[in-house]
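These notes concern the structure reproduced below.
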Amino acid sequence: MTHTLVTMVKPVPRSLFVLRGVSAEMRWEGMAGQGYHTPTDRFFVRNHTRTPHIDAATWRLRVHGEGVRQAAGWSYEQLRAMPSRTVDAAIECAGNGRRFYGTQQGEPAPGTQWGLGAIGVARWRGVPLRDLLRASGIRREAVDVLARGLDAPFEDYGRVRRPLPAGKAMDDVLVAYEMNGEPLPPDHGFPVRLVVPGWAGIASIKWLGDIQVFTREIFTPWNTEFYRDVAEQPVKSAFELAWDATLPAGGPYVLRGRSWSGHGRIVRVEVSTDGGATWRKAGHHGQHLVRAWLPWHVEWAPSRPGQHVLMARATDETGATQPAATPWHPQGYGFDAVVRHPVRVPLG
Ligand SMILES: Nc1nc2c(c(=O)[nH]1)N[C@H]1C(S)=C(S)[C@@H](COP(=O)(O)O)O[C@H]1N2
Ligand SMILES: [Mo]
């Protein structure tokens, strides 16, 4: 059965999503048997208000502000006619895993109680942001690049907007109009969104309306009150299993999962099936793109039926390893601890 929220356009069936207020979390069992990318029909949605309807025929993207020599504008067709880049990248909410502050560490953090499903990897196509900034004559003195969305204002805070440091904006940020080979769907930012690889999802502003370039540091609710001090996402791992899954009778099993880090490539994944007493290395398969994730697998022959705890622990190329616990965060960002995933093995 399909349920549609008025805040979203795409169907968000309970089989693929957990509805969380105006947002929808991907169920990790939905990635089982899928390819490298997250299919668009199961990509999580994080909205502050609701998905707007935007007419691409009249839409224009403006680049303006004291940090550019001349303000410029592009229509949807003009953007699509420019040289494009394709990037395989994850978008992950800063609050992904927030629920475990409460359920695992005994100190709940306020906000949407995401499990590990506020992440997806897609193939994005669009125009490098630096091309638009250069075409507008970005000044050497530029400090912050403020992207603003066209969705309805959020409470009393105005439109969703967040500054990016000019250095990141000129590096690997994409002004994307395609997701997994199709025009961006409404819920993911049609006609155009930012894709900011490695950074917390809030940087990847959807329904992009304008980009204002400043020669000083600027402050909005989205870098002072919300998502303060969040930039690169930490290391995480997830099993492609339902939460509290009952496995089919009669192992052995191949457990599959994925690990990712905003800091760069994953270099090691270890799995424990005995509550963390012993660990073994997971095998890697398929591709591993630096700005996306590493799929992995281990074989498991449980010694007994009943309840078990699965754990996965990844390390990235900077040496960052998932810890046993994450220091509490007042807004529940940055959860990176090893998650204790319960599963049941039925009698054979
Ligand atoms: N304009 C706008 N951009 C936005 C948001 C929003 O509500 N409005 N949500 C942000 C947050 S918090 C996240 S995690 C990502 C989620 O992207 P998705 O819905 O495509 O998964 O979009 C970001 N961009
Ligand atoms: Mo987010």
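First listed ligand is number 1; within each ligand, the first listed atom is number 1.
- A distance of 6.0 Å or more separates the ring centres of Phe17 and Phe44.
- A donor-acceptor contact shorter than 3.5 Å links the side chain of Asp187 to the backbone of Lys10.
- In this structure a side-chain-to-backbone donor-acceptor pair under 3.5 Å is present from Ser23 to Asn47.
- No donor-acceptor distance shorter than 3.5 angstrom exists from the side chain of Arg313 to the backbone of Trp279, with no hydrogens or angles considered.
- No donor-acceptor distance shorter than 3.5 angstrom exists from the side chain of Thr318 to the backbone of His263, with no hydrogens or angles considered.
- Residues lining ligand 1 at a heavy-atom distance below 4.0 Å are given as Phe43, Phe44, Val45, Arg46, Asn47, His48, Cys93, Gly149, Asp151, Val160, His188, Arg193, Gly201, Ile202, Ser204, Ile205, Lys206, Trp207, Tyr227, ordered by chain and residue number.
- Remark: Glu178 does not engage Arg123 in a salt bridge, criterion side-chain N to carboxylate O under 4.0 Å.
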